[in-house]
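We count residues from 1, following the sequence as given. Values below: all heavy atoms of this structure, side chains included; hydrogens, waters and symmetry mates excluded.
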Amino acid sequence: MRSERCHSREPAEKARRENFPVASRLLPRRHRDHLMALYGFARTVDDLGDEGRPGDRLRLLDEVEADLARLYDGHPPRLGPLRTLARTVQECSIPAEPFRRLVEANRRDQTVTGYETFDELLGYCELSANPVGHLVLYVFGEVSGPRLALSDKVCSALQVIEHCQDVGEDHRRGRVYLPQEDLRRAGCPIGDLAAAATSPRLREVVAVQAGRAATMLAEGEPIVASLSGFARTAVAGYVAGGHATLAALSGARYDVLGRAVRPRRVRLLGAWARVLMTMSRPDAGLRRLPSA
């Protein structure tokens with residue numbers, strides 16, 4: 001059995017492989033700790049849904065949700081990631097619903113292997129990605145209806161971008177997150193997703209998804225201008241990760257099977273600075289939004 005110390009390092013190690021800075025050292029320790037607690041929960045749930053034994057996954061997800069209920073009922077959680085999460089839930093007054101939606105997204109992954117339209121895929125993102133943005137806003141005490149709507153645009157965009165990067169890996173797991181109607185329109189058979197090299201037809205489909213993600217990211221980016229202080233810094237980093245990864249995909253000409261397409265650190269830092277600079281201008285859009 002792995003030690004608790006080894007297990008506790010895993011989220012931090014995986015966070016370094018994400019497209020964006022999960023908990024930047026530019027933030028105070030309390031914010032970093034809360035963000036890592038959220039990431040540890042989300043990463044654990046994803047790993048159970050992706051890497052657990054197929055016959056055990058639903059049961060393991062049920063155990064997570066039961067432990068989540070235990071936490072919100074005022075009892076000590078039994079699972080490590082939930083024990084870490086308890087302080088964040090209490091100090092940031094986070095409701096249970098975003099966590100439950102993340103569990104439900106992974107339940108869906110066990111039975112739904114593809115999506116017919118992009119709108120259907122966005123429905124999945126409402127479970128798998130958008131709750132994360134809500135949780136981040138709770139950490140910074142910046143929750144409002146307008147911000148949640150902008151956050152959803154950013155998070156759905158980041159999820160679609162990740163689907164573009166992980167076409168081959170997702171297919172090996174029996175899932176296709178590229179809309180079926182787009183594959184048919186491009187004349188791209190499912191077999192192309194299992195090839196060693198990315199066909200021109202598949203590149204076309206990936207490019208379409210990346211273009212949609214770029215539009216959503218631009219629509220959600222004014223959330224940065226509505227924030228201030230450390231919240232602005234953190235959320236700008238997430239937006240910048242999306243821009244940097246889109247640039248990497250374009251630079252690779254959407255060859256997502258022949259290589260691992262990830263943004264370089266220098267590109268991410270440059271995008272982060274640009275987002276902060278652009279969203280600090282007086283004409284950036286929504287400077288301050290109502291708190292409720």
If you look only at distance, which donor and acceptor atoms sit under 3.5 Å apart when one is on a side chain in residues 59-67 and the other is two or more places apart or in another chain?
residue	atom	partner	partner atom	Å
R59	NH1	E63	OE2	2.8
D62	OD1	R107	NE	3.3
D62	OD1	R107	NH2	2.9
E65	OE1	R107	NH1	3.1
E65	OE1	R107	NH2	2.4
D67	OD1	R70	NH1	2.2
D67	OD1	R78	N	2.8
D67	OD2	R78	N	3.0
D67	OD2	L79	N	2.8

Considering all heavy atoms, the nearest A210-C164 contact: N-SG, 4.0 Å

Under the salt bridge (charged side-chain N to carboxylate O under 4.0 Å, His left out) test, residues paired with R185 that sit two or more places apart: D182

I223 backbone acceptor or donor facing R147 side chain under 3.5 Å: no

R32 side chain vs L27 backbone, donor-acceptor pair below 3.5 Å: yes

Salt bridge R108-E104, side-chain N to carboxylate O under 4.0 Å: no

Close side-chain approach of R201 and L183, heavy atoms under 4.5 Å: no

T198 (side chain) donor-acceptor with V256 (main chain) under 3.5 angstrom: yes

Flag if over 12 foreign heavy atoms under 6.0 Å of CD, E51: yes

From CA spacing to verdict: side-chain contact (heavy atoms from CB on, under 4.5 Å), R232, L276: CA-CA 8 Å; R232 175 181 287 189; L276 284 170; 3.8 Å; yes

Criterion side-chain contact (heavy atoms from CB on, under 4.5 Å) on T233 and W272, from CA distance to verdict: CA-CA 9 Å; T233 300; W272 202 349; 4.0 Å; yes

Any S151 side-chain heavy atom under 4.5 Å of L137 side chain: yes

Shared-cluster residues of Y177, by chain and number - hydrophobic side chains joined below 4.5 Å: V112, Y115, F118, L121, L122, Y124, V160, M216

Student check: side-chain heavy atoms of P179 and R212 closer than 4.5 Å: yes

D33 bridged to R87 by N-O distance under 4.0 Å: yes

Closest heavy-atom pair and its distance - S128, Q159: OG-OE1, 2.8 Å

Donor on one side chain, acceptor on other, Q165 and T245, under 3.5 Å: no

Hydrophobic cluster identity match, V89 and V143, side-chain contacts under 4.5 Å: yes

hydrophobic_cluster_shared for F230 and V235, side chain cutoff 4.5 Å: yes

Transitive ILVMFWY side-chain link L148 to V154, under 4.5 Å: yes

Contact list for residues 42-100, test ring-ring contact (aromatic ring centres under 6.0 Å, His included), sequence neighbours left out: F41-F99

R175 and D166: CA distance, side-chain angles, deciding distance, salt bridge (Lys or Arg N to Asp or Glu O under 4.0 Å) verdict: CA-CA 10 Å; R175 302 175 195 150; D166 296 341; over 6 Å; no

Same apolar cluster: L71 and Y39, side chain cutoff 4.5 Å: yes

E126 vs D152 side-chain heavy atoms within contact, under 4.5 Å: no

Check: G40 main-chain N/O paired with T44 side-chain donor or acceptor under 3.5 Å: yes

Candidate pair Y138 and L38, rule side-chain contact (heavy atoms from CB on, under 4.5 Å), full reasoning: CA-CA 11 Å; Y138 273 105; L38 298 179; over 6 Å; no

R57 bridged to D46 by N-O distance under 4.0 Å: no

hydrophobic_cluster_shared for I94 and Y238, side chain cutoff 4.5 Å: yes

T117 backbone acceptor or donor facing E181 side chain under 3.5 Å: no

Validation row: L202, L178 side chains within 4.5 angstrom (heavy atoms): yes

Minimal non-hydrogen separation, N106 against G49, with atom names: OD1-CA, 3.9 Å

Side chains of H34 and E91, donor plus acceptor under 3.5 Å: yes

Verdict with reasoning, R274 to H243, per side-chain contact (heavy atoms from CB on, under 4.5 Å): CA-CA 10 Å; R274 285 193 299 274; H243 285 305; 5.9 Å; no

With sequence neighbours excluded, residues passing salt bridge (charged side-chain N to carboxylate O under 4.0 Å, His left out) with R184: E116

All side chain to side chain donor-acceptor pair (under 3.5 Å) counterparts of H31, not counting sequence neighbours: none

